[in-house]
**Q** 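Pasting in a structure now, in structure tokens, and then I'll have a few things to ask.
FYI, side chains are in, hydrogens and waters are out, and symmetry mates aren't considered; it's all heavy atoms of this structure. Labels below follow one simple rule: chain letters A, B, ... track the order of the sequence lines, proteins then strands, and each chain is numbered from 1.
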Amino acid sequence: MQLELPDGDSIDVEQGTRVIDVAYDIGKGLGDATVGATLDGELMDLRDEITREGTFEIITVDSPQALEITRHTAAHVMAQAVKGVFDDVELAIGPAIDDGFYYDFDMGHSLSEEDFDAIKEEMENIVESDYDVERYSMPIDEAREYLEEQGEEYKVELLEEFEEEGETELTFYRQDGFTDLCRGPHLQSTGQLKHFDLLDVAGAYWRGDEDNKMLQRLYGTAFTSQKDLEEFITRRKEAKERDHRRLGPELDLFTFHPEVGPGLVYWHPKGAEMLNVIKDFWREKHREAGYDFVSTPHIGKSDLWQKSGHLDYFREDMFPPMEEENQEYFIKPMNCPFHIQIYQSRTRSYRALPLRWAELGTVYRHERSGVLHGLLRARGFTQDDAHIFATPDQVKDEIIGVIDLTFDILSAFGFDDYEIALSTKPEKSVGEQGKWDKATESLRQALEELDLDYEVEEGEGAFYGPKIDVHLEDALGRLWQTTTVQFDFNLPERFGITYTGSDGREHQPYMVHRAILGTLERFFGILVEHYKGAFPVWLSPLQAVVLPVTADNNEYAEGVAEKISDAGIRVEARTDQDEQLSRQIHEAQLEKIPYMLVVGDNEEGTGEVSLRLRTEEDLGPRPLDEFIEFAKDKIDEKALL
RNA sequence: GCCGGCGUAGCUCAGCGGCAGAGCGGCUGAUUCGUAAUCAGUAGGUCGGUGGUUCAAAUCCACUCGCCGGCUCCA
């Protein structure tokens, strides 16, 4: 049997040879370092037998593909260590994940970070002992008996599930005295695990179901090189430094006042300024794209929310009602029912469609207390909402229009990497099949025509319609959900909205609900983290600051600031402080102000300003007008600096 | 909502049964200074809240509110 190797050579092996034996045949060094292989790209355990021909690649401890295997074994090593350190530990599951691995335990002792050192030390011992990781299998009944005897009731539950799926034999992995029901693949021996760390401890429901018992989840990570591990730790630290919840108050942009109400944002002057820049830009873009603007109330009677279905499906996310003359009023969690009121205020002809109605609509949702997360998950937020009402033959072009507008807007903020998902009809849904097909197809065609890569997520659509979601990637490579484009078959049906077609008959329009930034709050939070608070000039609340070298230059500084301000640039002269220049620069740096203009006797004599960028570059003196032109260009170009 | 951790000055934190502390920031004064922190003085507190244990509670206990990390949720 021929196996083709990555270097182009091929080797002859007998059917049924194990991966590890092939590796040792090639060389002992390779064999010792082997942790698995891929056959035609498919991951194999090193203990697997090769049963067919194909492109064969050995994965060694140092290969990037070894990551998953390494982490999986790391999870076992950690579990063994926890069992070694504490008594009465029951194992649940312990998979490798994107950033590392975890293991869920049911145990009497309540884990905390104080236990990390002891667990890590025990892990080091297991690694140093370099135990072989053996694989073996057992008939399912024997396995059940074994697990029951071990008191591993969670594993028994898993086993029963495998049994239902028709499995008759189960694989186990064993190292030293530690045995775990596991599919693999795993490393050869615990000594191959070298670069790992423990990260966090948290609660997690068994099987992710909140009706089940809460287990203790221990998170860790492992890499194939020390450098990667260190980079990962650094990136975590970097993410912490970018946390908008820290930067926001620090830069005087916004604060929360949980004693007044958790999840509600207070925008300070600088934050509000920036928010207004975003809103102005958003309105301009929407006007250009043919949207009209509407504005609707914040509360509505329960009848409306009953009719829209919110009281049946969304009530627990709504704030409790207030009563007025025996009527219940609810504060709006969504804008759509209100836009529908406007639609229904008169009859609509096909000639008037499509209607594109946009509103920066502030809504309130009673998010469960544990999910709040600064601006990214708040209880009061402003959606950059719009509803499009269209005829069937307009739908596709409307979707293309929305997607075009999306990338036009997002790229202006410096986001150029996206992941797009198309979610199709779920099991439970409303609306005719024909409409689902038509709508889903229009979403697909729009993506195809725009030549965009996307993933189809079957059955992940909302019950009321298919959707496209856009996740944008930030400077740290993290993905954030912003844009959503959703068809809605529910509300048109419930409210019975219609238009008169060219045939003189009544038809139900397609309704598309879409938000591009998502919510202003969330988008703002993403901007803060993406730019680490050092915003592009056009967004910066304060774009320039004039710093007098001594108080003698104050008058000149004021004059300079006035001219800059007259040019429409947001500027401030720091003439009320009387601090040393280096001190003023220090403060301006911390405020991340894009342009610092130093004015002393030299500049005052020549009518110039000395320009320093927040990137610590001193660009030297230049005429004031030249700076103004420079700054205006940068603002127009939406340049970073 | 659930599990765990944490709430001390505006911020970052020390103190962990016996007088409430530091640095930064604020304020006042001096300094008039050329590209990331001048010097001196000074004010600032219901130790998240309520109740309890104790001769004595920031410190120990219970409850509660909030924050943080996850889980679940994100029609």
Side-chain angles (χ1 to χ4, degrees), chain A residues 102 104-106 109-115 199-219 236 240 243 245-246 249-250 252 255-263 308-318 333-334 336 363 365-374 376-378 381 426 428 430 461-465 467 469 481 484 486 488 490-491 513 518-519 522 547-554 578-592 596-603 610-614 616-621:
Chain A
Y102 67 80
D104 286 348
F105 306 104
D106 187 0
H109 173 82
S110 175
L111 287 170
S112 77
E113 298 202 8
E114 283 166 25
D115 301 317
L199 300 175
D200 275 310
V201 57
Y205 299 107
W206 166 238
R207 323 226 71 178
D209 184 338
E210 61 183 315
D211 293 330
N212 286 342
K213 183 166 182 181
M214 174 73 65
L215 307 173
Q216 300 192 62
R217 176 170 295 178
L218 199 48
Y219 283 94
R236 276 191 121 210
K240 214 169 168 184
D243 195 324
R245 291 167 303 180
R246 191 177 66 79
E250 207 170 284
D252 203 16
T255 45
F256 286 89
H257 298 269
E259 65 283 8
V260 184
S308 67
H310 284 88
L311 290 185
D312 290 334
Y313 296 100
F314 204 66
R315 179 146 192 177
E316 65 180 39
D317 293 290
M318 292 166 71
M334 294 186 195
C336 3
V363 300
R365 295 183 188 173
H366 189 267
E367 302 283 356
R368 293 162 89 179
S369 60
V371 306
L372 298 176
H373 188 92
L376 301 180
R377 194 81 180 267
F381 50 90
K428 273 190 170 178
V430 301
F463 79 86
Y464 51 76
K467 61 172 181 175
D469 289 324
Q481 213 222 299
T484 185
Q486 312 186 339
D488 191 335
N490 184 48
L491 293 179
H513 170 106
T519 75
R522 193 175 162 70
L547 310 176
V549 173
T550 78
D552 292 340
N553 310 113
N554 278 355
D578 202 15
E579 291 286 356
Q580 290 183 6
L581 179 62
S582 54
R583 178 66 178 212
Q584 298 184 60
I585 286 175
H586 172 71
E587 283 167 7
Q589 284 290 149
L590 293 181
E591 292 174 65
K592 303 180 195 266
M596 290 161 234
L597 301 169
V598 174
V599 294
D601 290 344
N602 299 341
E603 289 77 10
S610 274
L611 175 60
R612 178 192 163 103
L613 305 180
R614 69 172 167 222
E616 301 179 33
E617 283 165 278
D618 178 2
L619 300 185

**Q** Considering only side-chain heavy atoms of A:Q589, which listed nucleotide, B:C71, B:A37, B:A36, is closest?
**A**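 Nearest to the side chain of A:Q589 among the choices is B:A36.
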
**Q** Is the phosphate of B:A36 approached by A:R583 (side-chain N or O, under 4.0 Å from OP1 or OP2)?
**A**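 Negative; the distance criterion is not met.
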
**Q** For B:G18, give the paired nucleotide (Watson-Crick: N1-N3 plus N6-O4 or O6-N4; G-U: N1-O2 and O6-N3; both under 3.5 Å), or none.
**A**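 Paired with B:G18, as far as the under-3.5 Å criterion goes, is B:C55.
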
**Q** Let's test this: given Watson-Crick or G-U wobble pairing with both distances under 3.5 Å, identify the partner of B:C11.
**A**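 Paired with B:C11, as far as the under-3.5 Å criterion goes, is B:G23.
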
**Q** Who are the salt bridge (charged side-chain N to carboxylate O under 4.0 Å, His left out) partners of A:D243, not counting sequence neighbours?
**A**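 Counting only residues at least two positions away or on another chain, A:D243 forms a salt bridge (charged side-chain N to carboxylate O under 4.0 Å, His left out) with A:R245.
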
**Q** Going by purine N1 to pyrimidine N3 plus the second Watson-Crick contact, or the G-U wobble pair, all under 3.5 Å, which nucleotide sits opposite B:U31?
**A**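 With both distances under 3.5 Å required, B:U31 matches none.
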
**Q** Taking salt bridge (charged side-chain N to carboxylate O under 4.0 Å, His left out) as the definition, give me every residue that meets it alongside A:E210, ordered by chain and number, with sequence neighbours left out.
**A**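 Scan of A:E210 (salt bridge (charged side-chain N to carboxylate O under 4.0 Å, His left out), adjacent residues dropped) gives A:R368.
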
**Q** For A:F256, which contact category applies under a 4.0 Å heavy-atom criterion: base, sugar-phosphate, or nothing?
**A**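 Nothing, no nucleic acid heavy atom in range.
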
**Q** Can you identify which nucleotide, out of B:A36, B:C67, B:A75, has its nearest atom closest to the A:R612 side chain?
**A**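 Closest nucleotide among those given: B:A36.
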
**Q** So which nucleotide from B:C71, B:A75, B:U35 ends up closest to the side chain of A:M334?
**A**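 Shortest atom-to-atom distance from the side chain points to B:A75.
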
**Q** In whole angstrom, give the distance that lies between atom CZ of A:R217 and atom P of B:G70.
**A**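 That distance rounds to 11 Å.
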
**Q** Are A:R614 and B:A36 close enough that a side-chain N or O sits under 4.0 Å from OP1 or OP2?
**A**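 For B:A36, neither OP1 nor OP2 has a side-chain N or O of A:R614 closer than 4.0 Å.
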
**Q** Let's test your reading of the model: under 3.5 Å, does the base of B:G1 pair with the side chain of A:Y205 as donor and acceptor?
**A**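 Side chain to base: pair present.
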
**Q** Does B:G44 have a Watson-Crick or wobble mate here (both distances under 3.5 Å), and if so which one?
**A**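 Pairing partner, where one exists within any strand: none, as none qualifies.
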
**Q** When all nucleic acid strands are considered with a 4.0 Å heavy-atom cut-off, which category describes A:D200: base, sugar-phosphate, or nothing?
**A**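 The answer is sugar-phosphate, as A:D200 gets under 4.0 Å only of primed atoms, P, OP1 or OP2.
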
**Q** Under 3.5 Å, is there an N or O donor on one side and an acceptor on the other linking the side chain of A:E616 and the base of B:A36?
**A**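 Yes, the side chain and the base share a sub-3.5 Å donor-acceptor pair.
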
**Q** Please classify the nucleic acid contact of A:D209 as base, sugar-phosphate, or nothing, using heavy-atom distances under 4.0 Å.
**A**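 A:D209: no heavy atom of the nucleic acid under 4.0 Å.
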
**Q** Strictly by Watson-Crick or wobble contacts shorter than 3.5 Å, is anything paired with B:C73, and which nucleotide is it?
**A**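 B:C73 is unpaired by these criteria.
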
**Q** Among B:G25, B:U35, B:G69, which is the nearest nucleotide to the side chain of A:S610?
**A**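 Of the options given, the side chain of A:S610 lies nearest B:U35.
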
**Q** Send over the distance from A:E603 CD to B:U35 C1', rounded to a whole Å.
**A**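 Rounding to the nearest Å, CD of A:E603 and C1' of B:U35 are 11 Å apart.
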
**Q** Should A:S369 be listed as having a side-chain N or O under 4.0 Å from OP1 or OP2 of B:G1?
**A**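 A:S369 to B:G1 OP1/OP2: side-chain N or O found under 4.0 Å.
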
**Q** Any base atoms under 4.0 Å from A:G208, or only sugar-phosphate, or nothing? Heavy atoms, all strands.
**A**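 Contact class for A:G208: sugar-phosphate only.
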
**Q** Strictly by Watson-Crick or wobble contacts shorter than 3.5 Å, is anything paired with B:A62, and which nucleotide is it?
**A**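 Pairing partner, where one exists within any strand: B:U50.
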
**Q** Counting just side-chain N and O atoms, does A:H373 come under 4.0 Å of either OP1 or OP2 of B:C67?
**A**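 No, A:H373 has no side-chain N/O under 4.0 Å of OP1/OP2 on B:C67.
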
**Q** Suppose we define a pair by two distances each less than 3.5 Å, Watson-Crick or G-U wobble; what does B:G4 pair with here?
**A**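 Partner of B:G4: B:C68.
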
**Q** Nearest of B:U35, B:A37, B:C67 to any side-chain atom of A:P258?
**A**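 Among the listed nucleotides, the one closest to the side chain of A:P258 is B:C67.
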
**Q** Looking at the base of B:G4, is there any donor atom on it, or on the side chain of A:E113, that sits under 3.5 Å from an acceptor on the other one?
**A**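 A donor-acceptor contact between them is absent.
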
**Q** Show me the protein contacts with nucleotides 31-33 of chain B, counting only N or O atoms at under 3.5 Å.
**A**
| residue | atom | partner | partner atom | Å |
| --- | --- | --- | --- | --- |
| B:U31 | O4 | A:D578 | OD2 | 3.2 |
| B:U32 | O2 | A:A551 | N | 3.3 |
| B:U32 | N3 | A:D578 | OD1 | 3.1 |
| B:U32 | O4 | A:D578 | OD2 | 2.5 |
| B:C33 | O2 | A:Q580 | NE2 | 3.3 |

**Q** Less than 4.0 angstrom between a side-chain N/O of A:Y313 and OP1 or OP2 of B:C73, yes or no?
**A**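 For B:C73, neither OP1 nor OP2 has a side-chain N or O of A:Y313 closer than 4.0 Å.
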
**Q** Regarding B:G34, can its base be found pairing with the side chain of A:D601 as donor and acceptor, where the two atoms are less than 3.5 Å apart?
**A**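 Absent.
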
**Q** NA contact type, A:H513, heavy-atom cut-off 4.0 Å: base, sugar-phosphate, or nothing?
**A**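 Since no nucleic acid heavy atom lies under 4.0 Å of A:H513, the category is nothing.
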
**Q** Salt-bridged, A:D618 to A:R612, with N to O below 4.0 Å?
**A**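 Judged by the 4.0 Å cut-off on N to carboxylate O distance, A:D618 and A:R612 do not form a salt bridge.
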
**Q** Checking only heavy atoms, does the side chain of A:R377 share a donor-acceptor pair with the base of B:C73 at less than 3.5 Å?
**A**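 Counting by modelled atom types and ignoring angles, a donor-acceptor contact under 3.5 Å is found here.
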
**Q** Give A:A202 one of three labels, base, sugar-phosphate or nothing, depending on what nucleic acid heavy atoms sit under 4.0 Å from its own.
**A**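 Touches a base.
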
**Q** Taking the nucleotide of RNA chain B with the closest heavy atom to each, which residue, A:G600 or A:D243, is nearer the 5' end?
**A**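 It is A:G600, whose closest nucleotide lies nearer the 5' terminus.
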
